[in-house]
Every structure is written in C-alpha cells, then in structure tokens.
Amino acid sequence: MELVLDRSDMRTAAQDLLRDAAYIDGAWVHGLRTIEVLNPADGSLVGKVPLFGAEETRLAVTAAHRAQGAWAGQTGKERGAILRRWAELMLEHREALAWLMTAEQGKPLAEASGEVAYAASFLEWFAEEARRVTGALLSPHASDRRLLVRKSPVGVVAAVTPWNFPLAMITRKAGPALAAGCTIVVKPSELTPLSALALARLSEEAGVPRGVFNVVMGDAPAIGDVLTGDKRVRKFTFTGSTAVGKLLAARCAGTVKRVSLELGGNAPFIVFDDADIDAAIEGALASKFRNAGQTCVCANRILVQSGVHDDFAVRLADRVRTFRVGPGLAGPTDQGPLIDSRALAKAQAHVDDAVSRGGRLLAGGTRLIEGALADGNFFAPTVIADVPRDALLCREETFAPVAGLIRFETEDEAIRIANDTDAGLAAYVYTQDLARSWRMPEALAYGMVGLNTGLISTEAAPFGGVKESGLGREGSSFGMDDYLDIKLTCLGL
Ligand SMILES: NC(=O)c1ccc[n+]([C@@H]2O[C@H](COP(=O)([O-])OP(=O)(O)OC[C@H]3O[C@@H](n4cnc5c(N)ncnc54)[C@H](O)[C@@H]3O)[C@@H](O)[C@H]2O)c1
Ligand SMILES: O=C[C@H](O)CS(=O)(=O)O
C-alpha cells in the first residue's frame with residue numbers, strides 16, 4: 001500500500017512504519033474487513049487497518065494474560081531497559097512518526113514532532129520508575145508479628161485511547177503499565193490507528209516480548225465490551241470523552257476492575273488586571289490553539305477582568321489573524337484541520353450561538369474553504385469578545401480554535417464562573433499579585449492549575465482531573481499507583 005505523502009524521502013521513512021494489520025501476541029494480524037484511515041486535511045487515503053471485533057480482542061487478552069507472569073518475573077531493571085530502548089527508537093524515528101501522525105490526525109508537523117518526543121518521554125520516565133517500585137516493613141501491632149507490604153502489578157491492562165494525541169495517550173498508559181510488570185491491550189481511535197501500529201512496530205525492535213503490548217481496533221463497542229467485561233483484564237484505563245468514559249467505567253463494575261479515566265475538560269483561562277498581558281496573550285495562544293484547539297486542557301473559556309478585557313481581545317484577535325492555516329504535510333503551518341465534519345459543525349454552532357447571544361466576533365468565525373483548504377476540515381482561528389456566561393461555549397467543551405472571552409469584575413466572580421462546570425481538569429490564572437497567586441489555585445476545583453503559563457503537561461507531573469474530568473493520575477511517580485496492587489504479609493513469629 002503506497003502512503004501518499006508529499007516528500008518522497010519522508011514517504012519512504014514513514015512507509016517503513018506503516019502497518020495495515022493489528023498487533024496481537026507479537027504477530028501482525030490482517031482482517032478480511034478493513035477501515036480506511038483518511039487525512040483530515042484533504043480526505044485522501046492514508047492507510048487501511050482491520051475492522052476487528054470481540055473475537056480478535058479476546059485473542060489479544062489471552063495473549064496478554066499468557067505473557068503477564070513472565071513479564072512481571074523480569075526485574076524492574078530489565079523491564080526498564082526495554083522501555084528505555086523503545087523511547088530511543090521513537091526518537092530515532094521521530095520524523096517518520098511525526099509524518100504519519102500529521103497524515104492521519106492533521107496537526108502541524110512541528111506539533112506532531114513535539115508529540116513524538118512527549119510520548120517518548122513517558123517511556124523514558126517509567127523506565128526509571130520500573131526500578132523504584134518499593135514496599136515497606138511496618139511497625140508491628142504485636143511483638144510476635146511482622147508486617148510486610150509489597151507492591152505487585154495489577155495484571156492485564158486494557159486501554160482505550162483518543163485520536164487527538166495518537167501516540168502520547170498510549171505511552172502515558174503503556175509506560176507505567178509495563179514498568180509495573182503489567183501487560184496491555186490497546187484500542188486506539190479508529191481515526192488514528194496508524195501511529196499506534198507504528199509504536200507496536202518499534203516495540204518489537206525494542207525487545208518487548210510477544211503478548212506484552214497488543215493493539216487491536218475496529219468495532220469499538222464490540223471491542224469495548226470484551227475489554228470491560230473479560231475478568232482476565234484487571235485494570236481498565238480510558239482517555240476520551242466524558243460520556244464514553246462513564247459508559248465504559250460502569251461496565252467495569254461487573255468484574256470489579258481498577259479503573260482510571262482521563263476525560264473531557266472545560267478549562268477557564270483567567271486574566272486579571274494586574275497580569276503581564278504580553279505573557280497572558282502568549283499563554284492564551286499556546287493553550288487555546290494547540291492542535292487546533294483539540295486538546296483536553298485547552299483554554300475553553302477565557303475570563304478577562306474588565307480593566308484589560310478590550311485591549312486583550314483586540315491583541316489576541318490581531319495575533320490569530322496571522323496564523324498560517326493549512327495541511328501539515330504541505331509546508332510550515334500554525335494550525336491544521338479539525339478531525340472531521342462533526343467537529344466543524346460543533347465549532348460553527350458554538351460561534352453562532354455566542355454571537356447570537358451578544359458576543360462580538362473579532363476574528364475568524366467560519367470554515368475555511370479557499371484553495372488547498374477546500375477538501376479539508378479547516379476552521380478559521382476565532383476570537384469572540386464579551387461572550388455571555390450562558391453561551392454554549394461556556395457550558396460545553398468546544399474542541400476547536402474558538403476563543404470566547406468572558407468579562408468579569410472581581411476575583412470572587414471569576415472563581416464562581418470558573419468553577420461553574422462539572423468538568424475539573426485544567427485551569428489557568430495570570431496574575432502578578434503574590435497573595436492572589438496562592439488564593440486562586442486553592443479556590444479552583446481542578447486537577448491542574450497553570451499559574452502564568454498556558455502549558456502544563458509534562459511526564460514529570462501528575463496529569464488528571466477531578467469531578468467529571470476523571471479518576472487517577474498519569475505521569476510522574478504518582479502515575480505508577482494505578483498499575484500496582486498493595487499486598488500485606490502479616491508474619492506470625
Ligand atoms: N483528560 C485527558 O487526558 C484527555 C486527553 C485526550 C482527550 N480527552 C478527551 O477525549 C475527547 C476527544 O477524544 P475522542 O473524540 O476520541 O473521544 P471518544 O470518547 O469519542 O473516543 C475515545 C476512544 O473511545 C472509543 N470509543 C468510543 N465509543 C466507544 C464504545 N462505545 N466502546 C468502546 N470504545 C469506544 C473510541 O473509539 C476512541 O478510541 C475530548 O472530550 C477530550 O477532552 C481527554
Ligand atoms: O488532550 C489531552 C492531552 O492530555 C493533551 S496534553 O498534550 O497532555 O496536554
């Protein structure tokens with residue numbers, strides 16, 4: 001199958017990583033029925049993958065279950081060495097992985113390359129954590145007893161991941177899982193499966209034993225039924241929309257699985273009068289428009305104190321008008337397409353609703369269809385000032401390059417607006433007031449707060465939300481806890 005890429009040198013490199021089969025028990029398994037993977041920038045065919053279902057998923061769970069004991073029997077140092085080699089291979093193939101990602105997901109090549117490094121950083125980080133799983137010898141409750149606590153791998157892990165970060169959302173789970181001694185079955189999004197399969201291809205070269213890392217895709221509900229219902233799966237981890245996360249988490253109750261969820265956001269981005277406005281503009285651009293606004297931690301509501309609201313709005317609009325919007329494989333761009341037509345329709349609905357309620361459109365506001373953009377899902381980077389608080393974009397995750405500015409007067413009012421949502425993933429505050437810098441993170445009901453920065457995601461920190469944005473944390477040493485069970489040995493002397 002010929003990968004249609006613009007530069008032949010990169011086509012060759014990406015072609016080597018391109019797979020049209022699922023990866024089960026160390027084998028590439030083709031299917032009679034296939035799914036087409038399309039480039040969101042122009043609708044062209046990037047690749048095909050099997051349309052698999054329950055039967056193939058059970059085969060993958062069987063492989064993971066069979067491999068788990070031997071994998072856990074390796075030392076943390078041995079598992080860590082394999083994870084580190086996997087990370088090295090990702091970086092050695094960084095350009096090819098980035099091209100494949102831009103082809104199937106649409107993000108600018110520079111962002112895709114950044115995600116490859118970000119994804120590799122989780123394998124690198126957990127290669128070290130693999131060597132640091134410790135236990136405890138507790139102070140006994142009686143002189144003839146000894147209390148020994150050890151941590152052991154939970155067992156077979158099932159992971160379901162989204163399309164917006166096709167590599168990082170997988171390694172953020174596979175890293176700690178494999179470091180802990182678990183094995184894993186991954187179902188990537190059917191919109192972006194090629195990056196996951198390229199990762200599997202590199203896992204072989206890294207020495208990940210057969211059955212330890214498996215990738216299956218196709219009929220998502222049928223696959224999900226097996227992953228949430230098979231009792232051999234002891235841990236289910238999901239990254240995606242809140243609605244689907246709730247559905248799948250509920251299904252895990254039947255076999256009492258460990259569950260971790262990374263769900264939707266509705267991030268407030270709060271700019272006070274005393275903020276460094278230049279820094280706040282840069283932070284808003286980075287947070288709002290990364291991946292064309294398709295990240296779970298994007299600024300979803302930009303709250304600006306009234307003293308600086310109009311100046312901030314005009315300056316933000318001036319900046320977004322300079323964005324280079326286009327296909328990521330055709331040359332340097334600042335913003336790529338949205339993932340599909342549904343995303344385009346949602347973006348337009350949020351814009352139309354905000355304007356109909358009195359918001360002032362300062363930039364963008366419509367789909368882009370000129371020239372090379374005609375066949376893609378391109379939406380103009382958009383800024384709307386004075387958005388009312390009952391607007392759709394204040395109540396729903398927009399997941400598009402649409403910046404809605406809400407005016408506020410006081411700190412208490414900003415906190416009330418910010419916390420008025422069921423989401424609780426990320427929030428951002430720009431202020432130069434020291435006391436306010438302490439008050440705001442404490443008052444905001446979110447798992448993560450960016451203070452004078454719009455970029456908070458790193459493998460070195462615990463990523464996750466509160467309320468309906470999720471359960472558990474991914475990244476940092478905290479990220480191991482979801483893949484380990486605590487076992488007590490009470491020794492009678
Ligand atoms: N909190 C985080 O870390 C984080 C990270 C990335 C994305 N997200 C969220 O994910 C959403 C965007 O991703 P998406 O559109 O892929 O979400 P989605 O929920 O539509 O899909 C996520 C995954 O679930 C699968 N899926 C969907 N329905 C299923 C079913 N019935 N059974 C089994 N699997 C099913 C999909 O195929 C995909 O692999 C946004 O809400 C975003 O905020 C959150
Ligand atoms: O979309 C959610 C991802 O977790 C984004 S990030 O790259 O981890 O910030």
Side-chain angles (χ1 to χ4, degrees), residues 35 49 51 53-54 57 105 107 111-112 114-119 121-122 158-173 186-193 195-196 215-229 236-252 260-267 286-287 290-300 338-340 342-343 346 396-400 423-426 428 446-448 450 453-459 461-475 479:
I35 299 171
V49 295
L51 198 170
T57 305
Q105 197 271 342
K107 64 181 66 177
E111 284 194 35
E115 182 182 339
V116 174
Y118 178 52
S121 74
F122 289 104
V160 173
T161 57
W163 52 262
N164 64 336
F165 287 83
L167 282 176
M169 299 303 98
I170 293 175
T171 59
R172 208 163 72 176
K173 301 173 187 297
V186 177
K187 190 207 79 67
S189 171
E190 283 66 29
L191 297 173
T192 56
S195 297
V215 181
V216 62
M217 73 288 295
D219 180 341
I223 294 170
D225 282 349
V226 174
L227 296 182
T228 56
F236 182 78
T237 177
F238 174 82
T239 297
S241 66
T242 302
V244 174
K246 288 179 176 179
L247 172 77
L248 298 180
R251 289 191 181 148
C252 290
S260 55
L261 302 171
E262 290 287 356
L263 305 178
N266 181 4
S287 173
R290 180 162 66 107
N291 201 12
Q294 300 171 118
T295 93
C296 56
V297 290
C298 277
N300 202 65
L338 300 187
I339 191 66
D340 57 22
R342 282 192 313 158
K346 184 177 184 182
E396 297 176 359
E397 186 179 49
T398 302
F399 237 56
L425 191 59
Y428 306 88
Y446 290 84
M448 302 174 284
T453 178
L455 296 174
I456 56 177
S457 308
T458 165
E459 78 285 1
F463 187 105
V466 297
K467 295 174 28 180
E468 296 195 7
S469 284
L471 295 169
R473 290 295 182 269
E474 296 188 334

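Note that ligands are numbered from 1 as they come in the structure, with each ligand's atoms numbered from 1 the same way.
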Colleague: Taking the side chain as every heavy atom from C-beta outward, state whether S287 and L455 have any pair of such atoms under 4.5 Å apart.
Modeller: no

Colleague: Test E115 against K107 for salt bridge (Lys or Arg N to Asp or Glu O under 4.0 Å), laying out the working first.
Modeller: CA-CA 10 Å; E115 182 182 339; K107 64 181 66 177; 2.5 Å; yes

Colleague: Check each of T161, T192, V116 against L167 using the side-chain contact (heavy atoms from CB on, under 4.5 Å) test, and report the only one that passes.
Modeller: V116

Colleague: Does Y428 have any ring-ring contact (aromatic ring centres under 6.0 Å, His included) partners at least two apart in sequence or in another chain, and if so, which?
Modeller: F269

Colleague: What I'd like to find out is whether the side chain of T458 reaches to under 4.5 Å of the side chain of F463, using heavy atoms alone.
Modeller: no

Colleague: Any chance you could measure L263, atom CG, to K467, atom NZ, to the nearest 0.5 Å?
Modeller: 13.5 Å

Colleague: Ignoring hydrogens and angles, state whether a donor on the side chain of E262 or T239 is under 3.5 Å from an acceptor on the partner side chain.
Modeller: no

Colleague: List, for ligand 1, each N/O atom that has a protein N/O partner under 3.5 Å away, with both atom names and the distance.
Modeller:
| residue | atom | partner | partner atom | Å |
| --- | --- | --- | --- | --- |
| ligand 1 | 1 (N) | E262 | OE1 | 3.3 |
| ligand 1 | 1 (N) | L263 | N | 3.3 |
| ligand 1 | 1 (N) | L263 | O | 2.8 |
| ligand 1 | 3 (O) | R172 | NH2 | 2.7 |
| ligand 1 | 3 (O) | E262 | OE1 | 3.4 |
| ligand 1 | 10 (O) | G240 | O | 3.3 |
| ligand 1 | 10 (O) | S241 | N | 3.3 |
| ligand 1 | 15 (O) | W163 | NE1 | 2.8 |
| ligand 1 | 16 (O) | W163 | NE1 | 3.4 |
| ligand 1 | 17 (O) | S241 | N | 3.4 |
| ligand 1 | 19 (O) | S241 | N | 2.9 |
| ligand 1 | 19 (O) | S241 | OG | 2.7 |
| ligand 1 | 37 (O) | K187 | NZ | 2.8 |
| ligand 1 | 37 (O) | E190 | OE1 | 3.1 |
| ligand 1 | 39 (O) | T161 | O | 2.7 |
| ligand 1 | 39 (O) | K187 | NZ | 2.9 |
| ligand 1 | 41 (O) | E397 | OE1 | 2.6 |
| ligand 1 | 43 (O) | E397 | OE1 | 3.2 |
| ligand 1 | 43 (O) | E397 | OE2 | 2.6 |

Colleague: Residues two or more places apart in sequence or in another chain: which of them pass ring-ring contact (aromatic ring centres under 6.0 Å, His included) with F165?
Modeller: none

Colleague: Parallel, tilted or perpendicular: which describes the rings of Y118 and F122, with under 30° parallel and over 60° perpendicular?
Modeller: perpendicular

Colleague: Show the short N or O contacts, below 3.5 Å, that ligand 2 makes with protein N or O atoms; if there are none, say 'none'.
Modeller:
| residue | atom | partner | partner atom | Å |
| --- | --- | --- | --- | --- |
| ligand 2 | 1 (O) | N164 | ND2 | 2.9 |
| ligand 2 | 1 (O) | C296 | N | 2.8 |
| ligand 2 | 4 (O) | R172 | NH1 | 3.1 |
| ligand 2 | 4 (O) | R172 | NH2 | 3.4 |
| ligand 2 | 7 (O) | R290 | NH1 | 3.0 |
| ligand 2 | 8 (O) | Y118 | OH | 2.7 |
| ligand 2 | 8 (O) | R172 | NH1 | 3.1 |
| ligand 2 | 9 (O) | R290 | NH2 | 2.8 |
| ligand 2 | 9 (O) | S457 | OG | 2.4 |

